[in-house]
Amino acid sequence: MIDLIFPDGSQRQYEDGATGRSVAASIAKSLEKRAVLIKLDGKLYDLDRALPSGGVFEILTRDAPEALDTIRHDASHVMAEAVQELFPGTQVTIGPAIEDGFYYDFARDTPFSTDDLATIEKRMKEIVDRDEPITREVWNRDEAIEHFKSIGEAYKAEIISDLPESEEITVYRQGAWKDLCLGPHLPSTKHVGKAFKLTKVAGAYWRGDHRNAQLQRIYGTAWASEADLEAYLLRLEEAEKRDHRKIGRAMDLFHMQEEGRGMVFWHEKGLTLWRTVEAYVRRRLEAAGYQEVRTPQVLDRVFWEKSGHWEKYRPNMFVCETEEGEELSLKPMNCPGHVQIFKFGQKSYRDLPLRMAEFGACHRYEPSGSLHGLMRVRAFTQDDAHIFCREDQIEEETANFIELASSIHADFGLTRDHITLATRPEVRAGSDEFWDKAEAQMLSAARKAGVEPVIAEGDGAFYAPKLDFVLKDAIGRTWVCGTIQLDYVLPERLDAEYVAEDGSKQRPVMLHRAICGSLERFIGVLIENYAGAFPLWLAPTQVVVATITSDANDYALQVAQELRAAGLRVETDLRNEKINYKIREHSLGKTPVIAVVGRREAEEGKVALRRFGSDGQEILSLAQAAKTLALEALAPDVARSTTGAASVSPREPVGAREAG
RNA sequence: GCCGGAUUAGCUCAGCUGGUAGAGCAGCGGUUUUGUAAACCGAAGGUCACGGGUUCGAGUCCUGUAUCCGGCACCA
């Protein structure tokens, strides 16, 4: 007998061999009809599978949030069946549910084209209409391998061979089609419904390794209802509008062109935003005890050989040769340069921790396929710094850094998605004992700062583990902005040392860290986060003074001058256009404040302020307007120190999350 | 780098099965002096990404290259 505890707290006993379906039927015939899965002690099971034990029990219908992943997973199976029907000879590999949908990787000589998607989608709907029952079978391991080999499914056979001996081999039959799968699944294809859409085709490497064969991946999105699907597609459309590349052009912030792939031409407005960000970060670093330096842009090959970068990253470095035959490289990073400054003269234990910062312009020849607007470029500026410290200072420095970075991200209105702890990679420097210690140090520092990192197995740098701060862009892609990495290797390689208390020479530890990551990427994320509607302190143009008639031109110039004197970034619009036209244009341009002046304001010495996102007006004297706006335009850190108040931010940040 | 897709005026996009290019907005010239999200008129603007080919004829078909977009891989 097994005991089941239901959501309402009641408890009932069932015969051994009872299934979710039989339990549902015992409660109500209508429930049995609607049931698609069951949840037992938090785990999902097929409706028709004999319950393995008693426990906390719940019957899930198709609308249950927990069922959505299974709908998506089943949609991927339905797609695989459709593909194998339509394209005989195509092998299946894996097809999981993912955020918002699913994909399936196929092995096939001829790649799929986007035109195939409609055909496959149509066949999928037919399979749903066929209402093929989905049933679970447990197979003998060797027979399973033999079977999949015999039907030409080499990848499936390989997957089974690699499964641990203890693992049960389960095969799901779906009509005449079958697939090796852990499950669970819905009772039949009908339950997948038709709220799905195939979205894109892509190449993907078998097991995520570029040395393996490239498979054909088809992505789709699937939802419980047609309405959810519509809502998702609408959300995507909205998110595309905040793409930083689109907004960057529309707002005249920057551009890129063919001759400089992965290089940014910053226009006046974009650079203003850049300088605002940079100035803010510089103030925060100064307050946190950093010193700022600048190191050479181009250095001799020998220098990079010594640091170890030449050997490992030569293909990704911009190298040039001089007339005299010297080989030089544009710096791909700032660390070795900082070590030179550290080594200049003698350093004492009293100098530690020594925090050395540089807004360092670096160049890396990134693979062509990885370039992506401002997010991944070949010429970028890191808000880089290296903390030289003793081993016993690592934890505190790391914890302080996490707090500083979190505070800075918050001031920019950015919501962190998560922090990852990237652990030892396969190819690495240093012993296992070293890695054990280093990983433990990073983890405990994170916890000390109140953060529980997500572990990214094997993603560490070759010399050390790292903590990465992950933010999201408008359509939910994640980008690393901010990182801290522990490094014992470079100080050793470049022979950095300090004099300890007892007079002995000691090796410092280096913490590599960045808060924005690269200014380019950070600004890209900022643009998408705010959809271009920046808070006053960041907006490239803060105020536009717009005239109603040319009578007010002189006064408008005076207004602009006074607002500029108060430290604001001001433009004037004296064009011979109707005020409606100007309001519309500057509203679409997302200018935070439009100051309208007509004959009335000129006579009374006033301005009519109109804020972005509101259609009301605020009539103030010129002096008062200047004072109010100047106060609102203070950067959050300055606002805190001058007013003692929390950040003055009249404009709500538009969360990237809502688009994710 | 790999797989798919795209590339037409400054921008956003039309251009059916091949018959030598079209709109809206912006820009320019004029009229209009206007009170909080688009005043009116006019003229102009294109080697249809680039190279080769098929054809009497190519923006349209084939092919190569470049760049961009979506993924994959990479990211010191």
Side-chain angles (χ1 to χ4, degrees), chain A residues 103 105 108 110-117 199-219 240 243 245-246 249-250 256-262 304 307-313 315-317 331-336 362 364-373 375-378 380 382 422 425 459-464 466 468 475 477 479-480 483 485 487 489-490 512 517-518 521 546-553 575-589 594-601 608-610 614-617:
Chain A
Y103 69 77
D105 284 346
R108 179 168 185 253
T110 328
F112 295 106
S113 91
T114 29
D115 297 336
D116 296 327
L117 295 186
T199 49
K200 51 202 174 196
V201 293
Y205 299 102
W206 168 236
R207 297 199 153 152
D209 190 329
H210 69 278
R211 289 165 300 193
N212 292 338
Q214 187 159 42
L215 307 170
Q216 303 302 319
R217 176 173 299 180
I218 300 179
Y219 282 94
E240 272 167 31
D243 188 311
R245 293 163 295 198
K246 269 194 185 138
R249 172 182 293 139
M256 300 170 93
Q257 60 190 51
E258 271 192 40
E259 299 86 342
R261 300 194 60 192
W304 303 110
S307 73
H309 293 100
W310 188 271
E311 187 193 359
K312 193 164 160 55
Y313 293 109
N316 302 312
M317 289 163 74
K331 72 173 169 189
M333 43 149 40
N334 310 297
C335 346
C362 296
R364 293 179 189 174
Y365 189 78
E366 302 286 12
S368 57
S370 70
L371 301 179
H372 185 103
M375 305 299 202
R376 188 82 181 269
V377 289
R378 285 180 174 161
F380 55 97
Q382 293 178 315
D459 276 353
F462 74 93
Y463 52 80
K466 57 178 180 175
D468 283 333
I475 60 168
R477 274 181 296 233
W479 298 98
V480 173
T483 183
Q485 310 175 4
D487 186 2
V489 174
L490 205 61
H512 305 249
S518 87
R521 174 179 295 180
T547 51
I548 295 171
T549 65
S550 53
D551 294 347
N553 283 3
R575 289 175 305 173
N576 177 10
E577 294 289 353
K578 285 191 193 288
I579 192 61
N580 283 354
Y581 181 87
K582 296 184 184 181
I583 294 286
R584 177 180 152 82
E585 192 170 285
H586 300 299
S587 297
L588 290 174
I594 304 173
V596 177
V597 293
R599 191 175 303 165
R600 211 151 60 215
E601 285 75 15
L609 301 184
R610 182 189 164 117
S614 109
D615 51 10
Q617 317 174 35

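Below, chain A is the first sequence line, B the second, and so on; all start at residue 1.
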| note | RNA chain B nearest-nucleotide lookup for A:Ile548 and A:Tyr463: closer to the 5′ end is A:Ile548
| said: Nearest to the A:Glu601 side chain among B:G35, B:A76, B:C75, which nucleotide is it? | reply: B:G35
| field | Of the listed nucleotides B:G4, B:U12, B:A37, the one nearest the side chain of A:Arg249 | value | B:U12
| remark: Checking B:C72, B:G27, B:U36 against the side chain of A:Tyr205 (C-beta onward), the nearest is B:C72
| query | Quick one: the side chain of A:Arg376 and the base of B:C74, do they pair up donor-acceptor inside 3.5 Å? | reply | yes
| task | Measure the distance from CG on A:Leu588 to C1' on B:U12 and round it to the nearest whole Å. | result | 14 Å
| request: Nearest whole angstrom, please: distance from the P of B:C72 to the CZ of A:Arg207. | output: 19 Å
| Contiguous pairing runs of three or more, Watson-Crick or G-U under 3.5 Å, that involve RNA chain B | B:1-7 with B:66-72, B:10-13 with B:22-25, B:28-31 with B:39-42, B:49-53 with B:61-65
| request: Round to the nearest Å and state the distance from A:Glu259 atom CD to B:A66 atom P. | output: 15 Å
| Residue A:Thr114, side-chain atoms from C-beta onward, closest of B:G5, B:A38, B:G70 | B:G5
| For A:Asn316, which contact category applies under a 4.0 Å heavy-atom criterion: base, sugar-phosphate, or nothing? | base
| field | Salt-bridge present (A:Asp209, A:Arg207; N to O < 4.0 Å) | value | no
| request: Name the nucleic acid region contacted by A:Tyr219, choosing base, sugar-phosphate or nothing; use a 4.0 angstrom heavy-atom cut-off, strictly under. | output: sugar-phosphate
| field | Salt bridge present between A:Arg575 and A:Glu585 (N-O < 4.0 angstrom) | value | yes
| task | Kindly indicate whether the side chain of A:Gln216 and the base of B:G71 share any N or O donor-acceptor pair separated by less than 3.5 Å? | result | no
| Which nucleotide, B:C3, B:A38, B:A76, lies nearest any side-chain atom of A:Lys466? | B:A76
| remark: With the side chain defined as heavy atoms from C-beta on, A:Pro367 is closest, among B:G35, B:U33, B:G1, to B:G1
| Taking CD from A:Gln257 and C1' from B:G10, how many angstroms apart are they, rounded to a whole number? | 14 Å
| Does a nitrogen or oxygen in the side chain of A:Tyr581 sit under 4.0 Å from OP1 or OP2 of B:A26? | yes
| message | Under 4.0 Å, counting only non-hydrogen atoms across every strand here, what does A:Ser113 touch: a base, just sugar-phosphate, or nothing? | response | sugar-phosphate
| message | Without decimals, in angstroms, what is the distance between A:Leu490 CG and B:A76 P? | response | 14 Å
| Whole-Å distance separating the CD atom of A:Glu577 from the C1' atom of B:G30 | 13 Å
| remark: Reading nucleotides 47-52 of chain B from 5' to 3' and marking B where a protein heavy atom lies under 4.0 Å of the base, S where only the sugar-phosphate is that close, and - otherwise, the string is ------
| task | For A:His372 and B:G71, give me the distance from atom NE2 to atom C1', rounded to whole Å. | result | 12 Å
| query | Considering only B:A39, B:C75, B:C74, which nucleotide approaches the side chain of A:Lys578 most closely? | reply | B:A39
| message | Please determine whether the number of non-hydrogen atoms from other residues, nucleotides or ligands lying under 6.0 Å from atom CD of A:Gln257 exceeds 12. | response | yes
| said: Please tell me if A:Arg245 has a side-chain N or O lying less than 4.0 Å from either OP1 or OP2 of B:C69. | reply: yes
| query | For B:C68, does OP1 or OP2 lie under 4.0 Å from any side-chain N or O of A:Arg261? | reply | yes
| request: For A:His210 and for A:Asp615, find the nucleotide of RNA chain B with the closest heavy atom, then tell me which residue's nucleotide is more 5'. | output: A:Asp615
| query | When you look at CZ of A:Arg599, are more than 12 heavy atoms from neighbouring residues, nucleotides or ligands closer to it than 6.0 Å? | reply | no
| query | Counting only side-chain N and O atoms of A:Arg599, is one of them less than 4.0 Å from OP1 or OP2 of B:U33? | reply | no
| task | Can you check whether any acceptor in the base of B:C75 is under 3.5 Å from a donor in the side chain of A:Arg364, or vice versa? | result | no
| said: Is there a side-chain contact between A:Gln485 and A:Tyr463 in this structure, where contact means two heavy atoms from C-beta onward sitting under 4.5 Å apart? | reply: yes
| message | With side chain to side chain contact (heavy atoms under 4.5 Å, CB included) as the test, pick out the partner of A:Thr547 among A:Ile579, A:Val596, A:Val597. | response | A:Val597
| request: On the 0 to 90° scale, with breaks at 30° and 60°, tag the A:His309-A:Trp304 ring pair as parallel, tilted or perpendicular. | output: perpendicular
| query | Heavy atoms under 4.0 Å, any strand shown: does A:Gly208 hit a base, just sugar-phosphate, or nothing? | reply | sugar-phosphate
| said: Rounding to an integer number of Å, can you tell me how far A:Phe112 CZ sits from B:G4 P? | reply: 12 Å
| field | Side-chain N,O (A:Ser368) to OP1/OP2 (B:G1) below 4.0 Å | value | yes
| remark: Looking only at B:U36, B:C75, B:G4, the nucleotide nearest the A:Val201 side chain is B:G4
